[in-house]
Amino acid sequence: MTRSAPVPESKLPALGTTIFTTMTALAQQVGAINLSQGFPDFSGPDYLQLRLAYHVQHGSNQYAPMSGTPALREAISKKIARCYGCQVDKETEITVTAGATEALFSAITALVRPGDEVICFEPSYDSYAPAVQLAGGIMKHIPLTPPNFAPDWSRFSTVISEKTRLVILNTPHNPTASVWQKQDFDALWHAIAEQPIFVLSDEVYEHICFDDNGHHSLLQHPSLRERGIVVSSFGKTYHMTGWKVGYCVAPPHLSLEIRKIHQYLTFSVHTPSQLALADMLNHAPEHDENLPTFYQQRRDFFIDALQASRFTLLPCQGTYFLLLDYSAISKMNDVDFCLYLTKEVGVAAIPLSVFCKEAFPHHLIRVCFAKEEATLQAAAEKLCQL
């Protein structure tokens, strides 16, 4: 008698393949211009690539220390002091991770217990909710409303309860391209100051900010800093998303708990990449300072190229994403419209509703402008035909 193989009960039964994977695969299948997944179609700095090869060739190919190579953690601490005027201890407060996603997962796993509530502003990046669910937490969503997607602090105060354990924020914000102001951090602190609530600040687009006031980091708020975790990404900063190197900054008592997860999740991150990034930070610290202008030029080029289209373009204060309102073009829901756009028009985009747990009754799609001008021009020509 043949016995059937056991089938495990899924811990994430409602979860399928991400929309990013789906749309990129569809774009490749039909030959569409891929503005869906958030990666550049150009490479990172030559110096960074040369330093990677150097460290590989000179034998730096064994395990790095669990928390990150000393050289990279030292360079990160200097960068934070330069950018935010904040002194962080390279030994106890900086942990290098396998991309920002691992940092987010490790932080959520370390902090959230079964039954804890986690407040998140949505639309929100898709990796938060599964991590909270696996930890046994309960997500509470605060909707962000177009066109400005500013946090509603009066509503936030009504969602906080004695079960609230963690608040997740993201600035500059993916997918809405909005940014938090200093007063938003002040409002957050005012709302949670009297309760034992932690804050996870996803700041992977920290250097891609076009707002006149610049990027405000949780690291600049002393009170939030004591109970906060900040997550950053070298992939976004150096146009090398495939390297998957990120880091998180947290007070020693929080870093200790995060590292307990990190050491059994990945243990350590690719050694030559870490050393190359340390070299890059020390050799060209001005690189991140030039990113706003670098990406604003691409943003403005794409916006100009879309002026003849029937799309309504929403404000873009940060990230390398732009939101397009297609209400004047179609009444299809955003998922169907993106499928149509990819198959029939030849441009792949992301529907905004996939970033939401609750209903999102808007006709908005997200496109990525981290592309060469020729790519953006070709995409704009197709979109202007609608």
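- No donor-acceptor pair under 3.5 Å is formed between the side chain of S106 and the backbone N or O of A103.
- Here the side chain of S201 pairs no donor or acceptor atom with the backbone of L169 at under 3.5 angstrom.
- Salt-bridge formation is not detected for the pair E122/K140: no Lys NZ or Arg NE/NH1/NH2 atom is positioned less than 4.0 Å from an Asp or Glu carboxylate oxygen.
- Shortest non-hydrogen contact noted between P172 and C209 is CG-CB, 4.2 Å.
- Classification of the H215-Y84 ring pair by plane angle, with boundaries at 30° and 60°, yields perpendicular.
- Linking Ile, Leu, Val, Met, Phe, Trp and Tyr residues whenever their side-chain heavy atoms come within less than 4.5 Å leaves L144 and V179 in two separate clusters.
- Of the charged side-chain nitrogens involved, at least one lies within less than 4.0 Å of a carboxylate oxygen, so that R73 and E91 count as a salt-bridged pair.
- Between the side chains of S161 and E117, at least one donor N or O lies within less than 3.5 Å of an accepting N or O.
- Contact of the P45 side chain with the M280 side chain is registered, since non-hydrogen atoms from C-beta on lie closer than 4.5 Å.
- Partner of S273 under the side chain to side chain contact (heavy atoms under 4.5 Å, CB included) criterion, chosen from L52, L48, T69: L52.
- Grouping the Ile, Leu, Val, Met, Phe, Trp and Tyr side chains by contacts below 4.5 angstrom, directly or via other members, places W153 with I192.
- The backbone N or O of V118 sits nowhere less than 3.5 Å from a side-chain atom of R165 that would complete a donor-acceptor pair.
- Cluster membership for V335 and I350, using ILVMFWY side-chain heavy atoms within less than 4.5 angstrom, is shared.
- A donor-acceptor pair under 3.5 Å links the side-chain atoms of T342 to the main chain of C338, judged by distance alone.
- Counting heavy atoms from C-beta outward, D202 and V230 have side chains that stay 4.5 Å or more apart.
- Taking the six-membered ring for Trp and the full ring otherwise, the centers of F121 and Y128 sit at least 6.0 Å from each other.
- Between F360 and V354, the closest side-chain pair of non-hydrogen atoms is not below 4.5 Å.
- Both L277 and V88 are part of a single hydrophobic cluster, where members link through side-chain heavy atoms under 4.5 Å apart.
- Inter-residue side-chain proximity for S67 and R259 is flagged as met; some heavy-atom pair is nearer than 4.5 Å.
- Although no hydrogens or angles enter the test, the distance criterion places a donor-acceptor pair under 3.5 Å between the side chain of S309 and the main chain of L306.
- Around the CD atom of Q307, the shell of radius 6.0 Å holds more than 12 heavy atoms that belong to other residues, nucleotides or ligands.
- Closest approach of V96 and H262 over heavy atoms only: O-CE1, 3.3 Å.
- Around atom CD of E194, no more than 12 heavy atoms belonging to other residues, nucleotides or ligands sit under 6.0 Å away.
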Practice task
Would you check, one step at a time, whether the test side chain to side chain contact (heavy atoms under 4.5 Å, CB included) holds for L324 with T312?
Solution key: CA-CA 6 Å; L324 308 181; T312 299; over 6 Å; no
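- For the pair D288 and R82, the salt-bridge criterion is met [side-chain N within less than 4.0 Å of a carboxylate O].
- Counting all heavy atoms, side chain and backbone alike, L218 lies closest to G228 at CD2-CA, 3.9 Å.
- Here the side chains of P130 and Q133 are not in contact, with every heavy-atom distance at 4.5 Å or above.
- Two residues are said to be in side-chain contact when any heavy atoms from C-beta on lie closer than 4.5 Å; L364 and D334 fail this criterion.
- We find the OG-CG distance between S178 and N170 to be 8.0 Å, quoted to the nearest 0.5 Å.
- Aromatic ring centres of Y320 and H239: separated by at least 6.0 Å.
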Practice task
Begin from the C-alpha positions of F185 and T171 and carry the test side chain to side chain contact (heavy atoms under 4.5 Å, CB included) through to its verdict.
Solution key: CA-CA 11 Å; F185 285 101; T171 183; 4.1 Å; yes
Practice task
Tell me, with the steps shown, if N34 and T24 meet side chain to side chain donor-acceptor pair (under 3.5 Å).
Solution key: CA-CA 7 Å; N34 188 6; T24 291; 3.2 Å; yes
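- To the nearest 0.5 angstrom, S353 atom OG is 8.0 Å from I19 atom CD1.
- The pair E93-R225 meets the salt-bridge criterion, since a charged nitrogen lies less than 4.0 angstrom from a carboxylate oxygen.
- Not one N or O on the side chain of N148 forms a donor-acceptor pair closer than 3.5 Å with the backbone of A150.
- Between atom CE of residue M66 and atom OG of residue S268 there is a gap of 9.5 Å, rounded to the nearest 0.5 Å.
- Under the rule for a side chain to side chain donor-acceptor pair (under 3.5 Å), the partners of Q377 that lie at least two apart in sequence or sit in another chain are E381.
- Distance alone, capped at 3.5 Å, places no donor-acceptor pair between the Q28 side chain and the A25 backbone.
- Taken from CG in L322 to CG in L376, the straight-line distance is 10.0 Å, to the nearest 0.5 Å.
- Applying the ring-ring contact (aromatic ring centres under 6.0 Å, His included) test to every pair with at least one member in residues 363-386, sequence neighbours left out, gives these pairs: Y326-H363.
- Formation of a donor-acceptor pair under 3.5 Å by the H55 side chain with backbone atoms of N61 is not found in this model.
- Annotation for S330 and M332: closest pair OG-N, 2.9 Å, computed over non-hydrogen atoms.
- Relative to the six-membered ring of F294, R298 meets both conditions, a distance below 6.0 Å and an angle of at most 45° to the axis.
- Here W180 and F149 keep their ring centres 6.0 angstrom or further from each other.
- Heavy atoms only, all atoms of each residue included: L386 and R310 are closest at O-CD, 3.1 Å.
- Relative orientation of the W189 and H221 rings is tilted, given thresholds of 30° and 60° on the angle between their planes.
- Proximity of a side-chain donor or acceptor of Q49 to a complementary backbone N or O of G44 within less than 3.5 Å is detected.
- Taking both residues in full, the closest heavy atoms of A64 and Q274 are given as CB-NE2, 3.5 Å, listed atom of the first, atom of the second, then distance.
- In this structure, the separation between CD on Q87 and NZ on K78 is 11.5 Å, given to the nearest 0.5 Å.
- With a 4.5 Å cut-off on side-chain heavy atoms, C316 and F210 count as touching.
- No side-chain donor-acceptor contact under 3.5 Å links N282 to the backbone of D279.
- For CD of Q183, the number of neighbouring non-hydrogen atoms (other residues, nucleotides, ligands) closer than 6.0 Å is greater than 12.
- Proximity of H141 to M139: side-chain heavy atoms (C-beta onward) are separated by under 4.5 Å at one or more points.
- With values rounded to the nearest 0.5 angstrom, F355 atom CZ is found 9.0 Å from S124 atom OG.
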Practice task
Would you please test Y205 and Y295 for ring-ring contact (aromatic ring centres under 6.0 Å, His included) and show each step?
Solution key: CA-CA 11 Å; Y205 295 99; Y295 275 114; 9.0 Å; no
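- Ring planes of Y238 and F234: parallel class, angle under 30° (limits at 30 and 60°).
- F321 and F39 fall into different hydrophobic clusters, where Ile, Leu, Val, Met, Phe, Trp and Tyr are joined by side-chain heavy atoms under 4.5 Å apart, directly or via other members.
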Exercise for the section: Would you please test S217 and E206 for side chain to side chain donor-acceptor pair (under 3.5 Å) and show each step? Expected result: CA-CA 8 Å; S217 173; E206 60 187 316; 5.8 Å; no
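- By the 4.0 Å N-to-carboxylate-O rule, E102 lies too far from K244 to be salt-bridged with it.
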